[in-house]
*Asks:* 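I have a structure here, written as C-alpha cells, and I will follow up with some questions on it.
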Amino acid sequence: MARIVQKYGGTSVGDVDRIKNVANRIKAFRDEGNELVVVVSARSGVTNELIARAKSIHPNPSEREMDQLLAIGEQETIALTAMALQAIGVDAVSYTGAQAGIFTDKVHTKAKIKTIDAKPLEKDLKAGKVIIVAGFQGINDEGHITTLGRGGSDLTAIALAAAVSADKCEIYTDVDGVYTADPRVVKTAKKLNEISYDEMLELASSGSKVMQSRSVEFAKKYNVVFEVRSSFNQNPGTIVKEEVAYMEKVVVRGVAVDKDQAKIIISGVADKPGTSAAVFRALADANILVDMIVQNVGRHGVANLTFTVPQTDTHKAAKALEPALASIGGGQVAVHEHIAKLSVVGVGMKTHSGVAATLFEALAHAGINIELISTSEIKISIVIDQDRADEAARLAHKAFGLENI
Ligand code: ASP
Ligand code: MG
C-alpha cells in the first residue's frame, strides 16, 4: 500500500467518457489498497474559453475577477470526477483548493503557495476516501480565490505530494513522458526514462509544454520524485528526480522550442549606472518575467538593451517601460513578436566542451541566423526567426544524436 498523489491534465478529463476512464484508472489503484489524492485540471480548452469570454466583456479584466472565473473550470471537473468514482462504488470526495487548505500569497493569476494545511486531507484519507482536489487554485489570507498561473495544476499536485508526504507522485497527461524534443515536430524524438530536475526545469522554461516550470522548481526544492506518464495507456513514463552521476554521460538530453516569447529592444538608453536597474525594476514591479537579457557595448554614451518577455506581456511591458525610460533620459522601445527561442539542455554540458559550436554550426549550414544567445551551466538558448524554429529543432536534435539516445 502506498500513498499516491496523481494529477490528470485537461485532455485526460476532457469529456465525460474520459472522466469515466480516469475514474476507472483511479479505482484500480484504490482496489490495490493505495491511498489516493487526485488533482484534476479543467477540461482542456475551458480555461482558454473563460479567458476569451472575460476579454469579450472587458479588454483588461480585473485579476481578482479572473481568478473567480478561472477557478470554475477545475470546480467542474473535481465534482464530475468524484461522481464518476461514486458511480463505480468508490468512496470519493471533491475539494476546492481552499477546502484542501492551499494558502497562497495575494498575487492574483499567478499566486505562489505559502502553506498547505493538510489536516482535512489527512482526515479523509484515514477514512478511506479518494480525494479529488481542484488544481490551479488556492485561497489567500483574506479569503479570496487565487490561481497559480497557467498550467498550475501541476504545482498543486507536487505541493500536495510534499504536504501529505506521498510515496509517489504521478503526473498523467496526453503524452507518454518527457521526450528529447516535441515528437510532433521532430519525428525521431525519443522518450526519456529519466531526467534531472534541472534539465526538466530548463526544458519547461524553454517552452517544452510538458509541465509548468514552477512546479518542477517546487519538486526540486522539496525533493519530490515524480513520474510523467500518459493517462491513455499503461506505458511507463519519465521519472524526474535529483541528478545522479551517470546522467552526465549524455551531453544534450533535450531540445525545446518556445514560440510564445517576444523580443524587446530598447535603443538609445544612457550608458551609465542605474539604467538597467530602472528598466528591470519597472518590469519586475509589473510582475513581468524577463528571460534572456543582452546589453551591447555602449558607444557615444548610449547603449541598447535587448531582452525577451512572454508574448502575452508585451503590451504591459511597453507600458511599464514608459515612465522608467522617461526617468533615465529616454530610449526607444521596439517589440518583435515573430521570434522563437530554441534551447538545448543537458547536465552533461558541465563536463563536455564544444556544445555551443556544434549547435551553431548545424544552424549555420542551414543559413539560420542567430539573433540572441544566452547560456547557463546546462543550457544554451538562442533566439531565431519563428518561421525556421521547427527546422532548427530537427537540426539540433540530429546534431546531438538524440535519435539514438
Ligand atoms: N486549467 C488551468 C490552465 O489551463 C490549469 C491547468 O490546466 O493546469 O492553465
Ligand atoms: Mg496543464
Side-chain angles (χ1 to χ4, degrees), residues 177-183 185-186 188-211 213-217 219-221 223 225-226 228 238-259 261 289-294 306-308 339-366 368-384 388-405:
V178 182
Y179 279 72
T180 50
D182 183 343
V185 174
V186 183
T188 51
K190 288 264 158 42
K191 188 184 75 192
L192 295 161
N193 293 329
E194 55 183 31
I195 185 169
S196 72
Y197 293 125
D198 286 335
E199 289 170 328
M200 181 77 178
L201 209 48
E202 294 283 24
L203 285 176
S205 67
S206 302
S208 169
K209 297 275 166 3
V210 181
M211 266 181 89
S213 52
R214 274 174 60 194
S215 59
V216 183
E217 269 164 33
K220 182 184 175 189
K221 188 158 163 207
N223 208 5
V225 176
F226 62 91
V228 180
T238 303
I239 308 273
V240 188
K241 63 180 193 185
E242 198 49 75
E243 180 185 335
V244 278
Y246 61 79
M247 286 182 171
E248 282 197 21
K249 291 208 184 92
V250 175
V251 184
V252 169
R253 204 170 309 271
V255 177
V257 172
D258 184 353
K259 294 180 183 167
Q261 294 277 314
L289 296 171
V290 178
D291 182 30
M292 301 165 88
I293 301 176
V294 176
T306 307
F307 51 89
T308 59
I339 59 148
K341 182 175 75 168
L342 178 135
S343 307
V344 297
V345 173
V347 288
M349 284 184 204
K350 289 190 224 175
T351 47
H352 293 78
S353 60
V355 184
T358 303
L359 174 65
F360 300 161
E361 277 163 9
L363 302 188
H365 286 147
I368 296 173
N369 190 40
I370 299 170
E371 298 173 26
L372 287 178
I373 302 169
S374 81
T375 60
S376 78
E377 216 182 7
I378 66 163
K379 175 171 88 165
I380 300 170
S381 293
I382 56 173
V383 165
I384 54 176
R388 311 283 314 260
D390 290 351
E391 180 193 356
R394 288 188 283 269
L395 291 169
H397 197 265
K398 188 151 197 295
F400 293 106
L402 289 173
E403 71 272 23
N404 305 316
I405 206 168

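We number each residue from 1, following the sequence as shown.
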*Asks:* Which value, rounded to the nearest 0.5 Å, describes the distance between His397 atom NE2 and Leu402 atom CG?
*Replies:* 4.5 Å
*Asks:* Evaluate the side chain to side chain contact (heavy atoms under 4.5 Å, CB included) criterion for residues Lys241 and Met247: first the C-alpha distance (whole Å), next the side-chain angles of each, then the deciding distance (0.1 Å), finally the verdict.
*Replies:* CA-CA 11 Å; Lys241 63 180 193 185; Met247 286 182 171; 4.1 Å; yes
*Asks:* What's the shortest heavy-atom distance between Val347 and Ser196, and which atoms?
*Replies:* CG1-OG, 3.6 Å
*Asks:* Assess the residue pair Ile384 and Asn369 against the criterion (side chain to side chain contact (heavy atoms under 4.5 Å, CB included)); give the C-alpha distance rounded to whole Å, side-chain angles, the decisive distance to 0.1 Å, and a yes or no.
*Replies:* CA-CA 6 Å; Ile384 54 176; Asn369 190 40; over 6 Å; no
*Asks:* Considering non-hydrogen atoms only, spot the tightest contact between Leu363 and Ala392 and give its length.
*Replies:* CD2-CB, 3.8 Å
*Asks:* Determine, stepwise, if the pair Ser206 / Lys379 fulfils side chain to side chain donor-acceptor pair (under 3.5 Å).
*Replies:* CA-CA 9 Å; Ser206 302; Lys379 175 171 88 165; 3.3 Å; yes
*Asks:* Can you name the residues that form a salt bridge (Lys or Arg N to Asp or Glu O under 4.0 Å) with Glu391, not counting sequence neighbours?
*Replies:* Arg388
*Asks:* Could you tell me whether Arg394 and Asp182 make a salt bridge, using a distance below 4.0 angstrom between a side-chain N and a carboxylate O?
*Replies:* no
*Asks:* Within a strict 4.5 Å, meaning less than it, do heavy atoms of the Ile378 and Lys350 side chains meet?
*Replies:* yes
*Asks:* Do we see a donor-acceptor contact under 3.5 Å between the side chains of Glu202 and Ser376?
*Replies:* yes
*Asks:* Flag the pair Val294 / Ile373 as yes when at least one side-chain heavy-atom distance between them is below 4.5 Å, and no otherwise.
*Replies:* no
*Asks:* How close do Ala340 and Val257 get, heavy atom to heavy atom, and via which atoms?
*Replies:* CB-CG1, 4.3 Å
*Asks:* Testing the basics here: between Glu248 and Glu243, what is the closest heavy-atom pair and its distance to 0.1 Å?
*Replies:* OE2-OE2, 3.3 Å
*Asks:* Heavy atoms, side chains only, cut-off 4.5 Å: are Val255 and Thr180 in contact?
*Replies:* no
*Asks:* Might you point out which heavy atoms bring Asp390 and Lys259 nearest each other, and give the distance in Å?
*Replies:* OD1-NZ, 2.9 Å
*Asks:* Does a side-chain N-to-carboxylate-O contact under 4.0 Å join Glu403 and Lys190?
*Replies:* no
*Asks:* Tell me, with the steps shown, if Phe400 and Val355 meet side chain to side chain contact (heavy atoms under 4.5 Å, CB included).
*Replies:* CA-CA 9 Å; Phe400 293 106; Val355 184; 3.7 Å; yes
*Asks:* Say whether, by atom type as modelled, one donor and one acceptor occur between the side chain of His352 and the main chain of Gly348 under 3.5 angstrom.
*Replies:* yes
*Asks:* So which atom in Ile370 and which in Phe360 form the shortest heavy-atom distance, rounded to 0.1 Å?
*Replies:* CD1-CD2, 3.5 Å
*Asks:* For the CG atom of Leu359 and the CD1 atom of Ile380, what is their distance to the nearest 0.5 Å?
*Replies:* 6.0 Å
*Asks:* Tell me which one of Asn193, Val252, Val250 satisfies side-chain contact (heavy atoms from CB on, under 4.5 Å) with Ile405.
*Replies:* Val250
*Asks:* Could you measure the distance from the CG atom of Asp198 to the NZ atom of Lys220? Nearest 0.5 Å is fine.
*Replies:* 3.5 Å
*Asks:* Starting at CD of Glu361, measure out to CG of Leu395 and round the result to the nearest 0.5 Å.
*Replies:* 13.0 Å
*Asks:* Can you tell if the side chain of Val178 reaches within under 4.5 Å of the side chain of Leu203, non-hydrogen atoms only?
*Replies:* yes
*Asks:* In Å, rounded to the nearest 0.5 Å, how long is the span from CG of Asp291 to NZ of Lys341?
*Replies:* 3.5 Å
*Asks:* Does NZ in Lys398 sit with more than 12 non-hydrogen atoms of other residues, nucleotides or ligands closer than 6.0 Å?
*Replies:* no
*Asks:* Between Arg253 and Leu192 (side chain of the first, backbone of the second, donor and acceptor by atom type, cut-off under 3.5 Å), is there such a pair?
*Replies:* no
*Asks:* Can you tell if the side chain of Val344 reaches within under 4.5 Å of the side chain of Met349, non-hydrogen atoms only?
*Replies:* yes
*Asks:* Within a strict 4.5 Å, meaning less than it, do heavy atoms of the Tyr197 and Glu217 side chains meet?
*Replies:* no
*Asks:* Starting from the C-alpha separation in whole Å, work towards a yes-or-no answer on side chain to side chain contact (heavy atoms under 4.5 Å, CB included) for Ile339 and Gln261.
*Replies:* CA-CA 7 Å; Ile339 59 148; Gln261 294 277 314; 4.2 Å; yes
